[in-house]
There are 2 protein chains.
Amino acid sequence: MAAAEETDCENVPWGEVTPEAARKLLVAAVEAFAERGYHATTTRDIAGRAGMSPAALYIHYKTKEELLHRISRIGHERALEVLETASGRGGTPGERLAEAVSSFVRWHAGRHDTARVVQYELDALSDEHRAEIVALRRRSDAVVRGILREGVESGEFDVPDVPGTTLAVLSLCIDVARWFNVQGRRTPEEVGALYADLVLRMVSARR
Amino acid sequence: MAAAEETDCENVPWGEVTPEAARKLLVAAVEAFAERGYHATTTRDIAGRAGMSPAALYIHYKTKEELLHRISRIGHERALEVLETASGRGGTPGERLAEAVSSFVRWHAGRHDTARVVQYELDALSDEHRAEIVALRRRSDAVVRGILREGVESGEFDVPDVPGTTLAVLSLCIDVARWFNVQGRRTPEEVGALYADLVLRMVSARR
DNA sequence: CCCGAAGCTGAGCAAGCGCTTAGGGCCTGT
DNA sequence: ACAGGCCCTAAGCGCTTGCTCAGCTTCGGG
């Protein structure tokens, strides 16, 4: 009984944001930022989508920029978590890379509204907030670079330029958030599988 | 003598924009839009960068959105021109794909300020203007898809999903505009060569 | 039964926005 | 010499923006 009233922090999107009014505002902001962009979205629009008055926003968030920062930080943490979990599941470097790419892409496609805000609105953050986010992004980079390096050492991969290829792989995955459309023909799972195959071809040593 | 006073439309960036004041304003707008984004840029900022008063903008452009449209249209035309020229140079599908990718990437890296505006500010256009631009983008898509199809037919490529791979190749190239940095270690030429190699690996049939 | 904290709203402020207008130099054709 | 068009500026209009604040309601603890 009591458990049913609690928010399921693990499975519900943005479950970690409380109280409920703060979460409703944040979800509304993600929607609006993804649709129009941060600078084109007004605080009145966000409050309106959440069914509240403009003033309500400032009870839960100090500024509009703090809202973006909360979204960006939680989003980056989730994306990084997805990537690290996938890369830690064991197997050959090839298997780990395929798992990492397909799940990272699934996240960017399935949660493309969040991903769009997270990946394309970094410039709107304050200097300190942006620095914090950039640190998280470096960890994503390290995960992919690590897998590539291991594959090269074992001879399974042939990658002349590991940092450059890391950049390309992450860039490919991230840009899914830009073009992915729910009305489109592909499901997040299909795009994930396609991209995992393409990336494996990019790095595999010729037989 | 007379020729020296004319603007070199072929070789100078934005040479086709006249008179000079209109070009100066447009160049300033590209700078500002690339740096801060369309919505975060004010008409006063654009005019200031061009060394003119805010009102001067409205002698040459009806609205701020028309300025973005001019930039977007010319930019897309130039990018498409680069892609079509490269793909038309002849050779095997592999050679044409390598040429297309490396020159398209060189454009996105070398002119990354323009490319950033062109690729990431589409949402700010009016419906009619956006429709015009989308038509140009479909032609880019057709160029890459055509090369892939030819390579598959000749047996040089092994591409199970031609539309999906076309999307991935273009996405990879376009996203260069987001991350490329002049202060970074790589030149546009280096990134172009790296990406051409990666894309060839993605589509080539195993020997 | 009352008290204070917490959550929310209606009204509105100061600042900045896109854009307009009146007016003045300057170049060109007659 | 001078009329007429072209560029440009100073000033500012009407509106929207992010954000604030006084006051109302709700609710758990003593």
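For Arg201(A), the side chain to side chain donor-acceptor pair (under 3.5 Å) partners at least two apart in sequence or on another chain are Asp197(A), Asp158(B). Applying the side chain to side chain donor-acceptor pair (under 3.5 Å) test to Asp127(A) and every residue at least two apart in sequence or in another chain returns Arg130(A). Under the rule for a side-chain contact (heavy atoms from CB on, under 4.5 Å), the partners of Arg49(B) that lie at least two apart in sequence or sit in another chain are Ala28(B), Glu31(B), Ala32(B), Glu35(B), Arg36(B), Asp45(B). For His60(B), the side-chain contact (heavy atoms from CB on, under 4.5 Å) partners at least two apart in sequence or on another chain are Pro19(B), Ala21(B), Ala22(B), Leu25(B). Considering only residues two or more places apart in sequence or on other chains, His69(A) meets the ring-ring contact (aromatic ring centres under 6.0 Å, His included) condition with His129(A).
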Q.
Output one letter per nucleotide in nucleotides 4-17 of chain C: B when a protein non-hydrogen atom lies under 4.0 Å from the base, S when only the sugar-phosphate is that close, - when neither is.
A. ----BBB-B----B
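Taking atom OH of residue Tyr61(A) and atom C1' of nucleotide dG18(D), one finds them 17 Å apart after rounding to whole Å. Separating the CZ atom of Phe33(B) from the C1' atom of dG18(C) is a distance of 12 Å, rounded to the nearest angstrom. Atom CG of Leu57(B) is separated from atom P of dT21(C) by 16 Å (rounded to the nearest Å). In this structure, Lys62(B) atom NZ and dT20(C) atom C1' are separated by 15 Å, rounded to whole Å.
Using a cutoff of 4.0 Å between basic side-chain nitrogens and carboxylate oxygens, Glu81(A) and Arg78(A) are scored as salt-bridged.
Phosphate contact (OP1/OP2 of dT20(C), side-chain N/O of Tyr58(B), threshold under 4.0 Å): absent.
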